[in-house]
Number of protein chains: 2
Amino acid sequence: MSSKRSRSRATGRVTLADVAQAANVSPITVSRALRGERAVDPELVARVQAAVQRLGYVPDPAARALASRHGTQVALLVPLLSNALFVDLVEAAQRTLTRAGYQTLIGVTHYDPAEEEQILRGQLLHRPAGMLVTGFDRSDTTRALIAGSGVPCVHVMETTVAEGVYSVGLSQEQASMAMTRHLLERGRRRIAFAAAQLDPRTLQRLEGWRKVMRAQGLYAPTLEWLNPAPSSIGLGGVLFEQIIGQTPPVDAIFFCNDDLAQGALLAALRLGVRVPERVAVAGFNDLTGSDQMLPPLTTIRTPRAEMGAAAAEMLVNLMRGAPVGQASIDVGFELVVRGST
Amino acid sequence: MSSKRSRSRATGRVTLADVAQAANVSPITVSRALRGERAVDPELVARVQAAVQRLGYVPDPAARALASRHGTQVALLVPLLSNALFVDLVEAAQRTLTRAGYQTLIGVTHYDPAEEEQILRGQLLHRPAGMLVTGFDRSDTTRALIAGSGVPCVHVMETTVAEGVYSVGLSQEQASMAMTRHLLERGRRRIAFAAAQLDPRTLQRLEGWRKVMRAQGLYAPTLEWLNPAPSSIGLGGVLFEQIIGQTPPVDAIFFCNDDLAQGALLAALRLGVRVPERVAVAGFNDLTGSDQMLPPLTTIRTPRAEMGAAAAEMLVNLMRGAPVGQASIDVGFELVVRGST
DNA sequence: CTGAAAGCGCTTACAG
DNA sequence: CTGAAAGCGCTTACAG
């Protein structure tokens with residue numbers, strides 16, 4: 001097709017040089033016209049765009065990444081994909097980023113700081129244009145890696161007001177306090193808190209529960225059931241069996257995540273323990289299926305899709321050097337009262 | 001640090017040239033020694049590797065992608081991330097690929113051929129070293145895009161014996177036939193087949209059920225309950241309510257996916273319909289929670305992790321030009337009989 | 001507002 | 001088995 005290449009490493013793809021030639025301008029003008037960097041004569045821009053259309057030119061991300069400081073990929077770091085919570089987050093962020101012309105590099109850390117660091121190093125090699133990470137809990141090395149990279153970064157799930165830190169999330173502690181208060185309002189007194197995984201956000205929920213319970217003089221260490229194993233429906237059932245056998249009996253169980261609570265409700269059915277009469281059961285996150293349980297599960301709805309979209313939008317502005325409203329967005333939460341409490 | 005750069009676009013990173021200088025060989029020798037391409041004098045290889053260690057050299061994927069035909073990223077195409085099935089697949093594939101030195105580019109197609117095509121175009125721009133796609137059902141354009149790209153491709157979930165096509169999967173039809181026969185052996189006669197989403201693999205399961213039912217002279221169109229809406233626990237409940245009201249009554253319902261079956265079991269509890277006495281309920285895929293249901297769900301266990309790992313391994317061999325045993329691997333399935341049938 | 005030159009950090013293709 | 005040259009397709013930094 002093109003004939004101006006000497007040997008034959010030509011890839012056959014239409015290049016910026018081809019567009020420049022067709023539009024009768026220099027390559028650098030094409031580059032600037034396309035990126036909207038610096039002002040370019042509107043007439044030249046029009047000519048360039050016409051040539052781009054005609055030739056079907058698509059910029060080469062590898063070349064762009066090599067020549068400039070960053071490419072068009074955005075690194076996403078989440079703990080797990082097996083938790084619907086993060087899938088919703090990822091899908092929403094991906095949608096927004098794709099529309100803005102960015103590709104997504106998804107890294108799954110499995111709540112492991114060492115793995116997170118390794119993944120991040122790999123992603124950084126690709127010179128991402130930006131990154132979206134979950135929460136604030138990570139190794140000092142990873143933190144330094146992020147800061148030192150100069151790559152714009154937005155934190156999701158939690159918020160902070162620290163200088164130069166961007167975040168979109170909600171107060172896990174406030175949400176947990178709201179749920180605990182709800183249980184108190186329902187007349188419950190011996191409210192157990194059951195958790196798995198014990199990641200930072202789970203511990204923030206624990207703290208919220210503790211605060212409210214202490215303020216009421218109802219706190220007791222024996223009401224805390226903390227299990228570092230991964231959260232699952234099965235584990236919820238196991239925890240329920242343990243807790244329900246406790247004396248003096250608890251009259252409510254607040255699970256740190258819906259999957260545990262769902263498992264508990266199923267175990268209750270199996271064991272013939274009446275919910276909420278004998279014991280109230282509450283969850284967190286409003287995951288798929290919680291509204292279908294028997295009885296339907298009372299929980300905290302966390303706006304994952306909204307969070308993912310808002311964080312991605314904030315990041316796009318950062319990457320483009322556009323103004324970024326507030327650096328910290330609290331998307332809030334909603335107490336969803338159903339039959340289980 | 002290094003001082004041989006003229007202007008100042010130096011990125012500060014250690015380059016292949018730095019390694020070459022330190023090892024006292026030419027850059028191209030370093031390149032070859034590192035990639036294991038062509039034979040290189042063992043002594044030089046050792047010197048190069050020592051220099052790499054000492055300087056902490058890490059190859060730049062962008063430069064590599066630009067200079068060669070492909071980079072170190074692998075494109076992954078899945079329909080959904082909100083189905084645990086695909087998450088298991090992705091996680092397993094990602095683990096194997098990461099270990100082999102490849103990064104993963106995950107694309108979510110939402111079962112939309114147009115979206116799949118668009119995502120693939122975007123991924124191809126990054127010159128992936130390989131790609132992993134779900135099944136065989138896609139637009140002709142997408143198919144041509146894959147073939148024309150020359151990028152090694154492995155298909156997951158289904159298998160085929162077509163020339164030059166690589167696949168790792170299982171026979172959806174065989175699995176479906178096995179489940180239908182199991183229900184027959186349990187003495188069931190009016191076995192309904194209920195499905196959502198209606199993607200290709202679901203239709204293959206439908207076909208398996210049809211074959212067995214027809215062979216027994218038990219087939220009736222009114223036993224088919226096909227709903228194009230996305231599969232979900234909630235929809236399973238809705239379908240169950242519809243089907244259970246049918247006359248003459250069905251004595252078994254085979255759901256094409258576990259989430260539907262789980263919803264059905266919850267609906268049965270809600271409605272007071274006894275399972276399996278009044279009606280048997282079966283699912284497919286053995287998803288999280290199915291063993292916790294009341295009664296526990298009989299289903300088909302599909303080895304997702306194994307599939308993802310095997311497909312990734314096959315792809316790694318293809319990318320490296322290494323021998324690839326068989327081009328089509330059938331990972332099989334397992335009938336898991338629990339209380340619901 | 002526009003451009004010629006140099007360079008990003010690798011690998012290909014050709015020689016020897 | 002090893003290397004000098006050229007090039008992959010863009011953008012930076014410097015001029016004007």
Side-chain angles (χ1 to χ4, degrees), chain A residues 2 4-48 52 55 57-73 124-127 129, chain B residues 2 4-48 52 55 57-73 124-127 129:
Chain A
S2 161
K4 60 188 214 302
R5 293 191 190 77
S6 49
R7 299 297 180 74
S8 79
R9 280 180 67 190
T11 52
R13 76 197 299 164
V14 177
T15 70
L16 189 144
D18 296 331
V19 175
Q21 194 178 300
N24 219 302
V25 296
S26 73
I28 185 61
T29 297
V30 175
S31 173
R32 288 204 272 249
L34 258 34
R35 282 176 301 144
E37 182 234 35
R38 283 211 252 182
V40 175
D41 187 324
E43 203 215 302
L44 293 191
V45 173
R47 251 157 60 196
V48 167
V52 165
L55 302 179
Y57 169 68
V58 188
D60 183 327
R64 176 174 285 179
L66 182 57
S68 70
R69 229 176 291 279
H70 6 260
T72 59
Q73 296 186 327
L124 247 23
L125 288 177
H126 288 274
R127 315 189 194 203
Chain B
S2 160
K4 61 188 214 301
R5 295 192 188 75
S6 49
R7 298 297 178 74
S8 80
R9 280 180 67 190
T11 52
R13 77 200 295 165
V14 177
T15 70
L16 189 145
D18 296 330
V19 175
Q21 193 178 299
N24 220 303
V25 294
S26 73
I28 185 62
T29 297
V30 176
S31 173
R32 288 203 273 250
L34 258 34
R35 281 175 304 145
E37 183 232 33
R38 283 210 252 182
V40 175
D41 186 324
E43 203 216 301
L44 292 192
V45 172
R47 248 155 64 196
V48 166
V52 165
L55 302 180
Y57 169 69
V58 188
D60 183 328
R64 177 173 283 180
L66 182 57
S68 70
R69 230 178 290 281
H70 4 261
T72 60
Q73 296 186 327
L124 248 21
L125 289 176
H126 288 274
R127 314 189 197 204

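Note that these values count all heavy atoms, side chains included, but never hydrogens, waters or copies made by symmetry. By convention in this document, chain letters (A, B, ...) are assigned in the order of the sequence lines, proteins followed by strands, and residues within each chain are numbered from 1.
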> Does the side chain to side chain contact (heavy atoms under 4.5 Å, CB included) test come out yes or no for B:Q73 and B:R127, once each step is laid out?
CA-CA 8 Å; B:Q73 296 186 327; B:R127 314 189 197 204; over 6 Å; no
> Rounded to whole Å, how long is the line connecting atom CD of B:Q21 with atom P of C:dG9?
14 Å
> Where is the tightest heavy-atom contact between A:V40 and A:A33, given as atom of each residue plus distance?
CG2-N, 4.1 Å
> Specify the closest pair of heavy atoms between B:A129 and B:G71, including all atoms of both residues, with the distance to one decimal.
CB-O, 3.2 Å
> Within this structure, what is the CG-to-P distance between B:L16 and D:dC8, rounded to whole angstrom?
19 Å
> So does B:R47 get a side-chain nitrogen or oxygen closer than 4.0 Å to the phosphate oxygens (OP1/OP2) of D:dT2?
no
> Please list, chain by chain and in numerical order, all residues satisfying side chain to side chain contact (heavy atoms under 4.5 Å, CB included) with A:D41, sequence neighbours excluded.
A:E43, A:L44
> What residues form a side chain to side chain contact (heavy atoms under 4.5 Å, CB included) with A:V52, not counting sequence neighbours?
A:V19, A:L34, A:V48, A:Y57
> Let me have DNA chain D in dot-bracket notation, would you? Count Watson-Crick plus G-U wobble pairs, both distances under 3.5 Å, and use [ ] for pairs crossing earlier ones and | for inter-strand partners.
|||.||||||||.|||
> Tell me the interatomic distance from B:E43, atom CD, to D:dT2, atom C1', rounded to whole angstroms.
14 Å
> Rounded to the nearest Å, what distance is computed from the CZ atom of residue A:R35 to the P atom of nucleotide D:dT11?
4 Å
> CG of A:D60 versus P of C:dC10: gap in Å, rounded?
17 Å
> Stepwise, does the side chain to side chain contact (heavy atoms under 4.5 Å, CB included) test hold for A:D60 with B:L125?
CA-CA 6 Å; A:D60 183 327; B:L125 289 176; over 6 Å; no
> So if I take residues 23-32 of chain A and measure heavy-atom distances to DNA chain D, which residues fall below 4.0 Å?
A:I28, A:S31
> Expressed in angstrom and rounded to an integer, what is the separation of B:L44 atom CG from D:dT2 atom P?
4 Å
> With sequence neighbours excluded, tell me which residues meet salt bridge (charged side-chain N to carboxylate O under 4.0 Å, His left out) with B:R64.
none
> Where do B:V30 and B:A20 come nearest, in terms of heavy atoms and distance?
CG2-CA, 3.5 Å
> Side chain of A:Y57: nearest nucleotide among C:dT11, C:dG9, D:dC10?
D:dC10
> Assess whether a salt bridge exists between B:D18 and B:R13, defined as any Lys/Arg side-chain N lying under 4.0 Å from an Asp/Glu carboxylate O.
no
> Measure CG/B:L66 against P/C:dG7 and give the value in whole Å, please.
17 Å
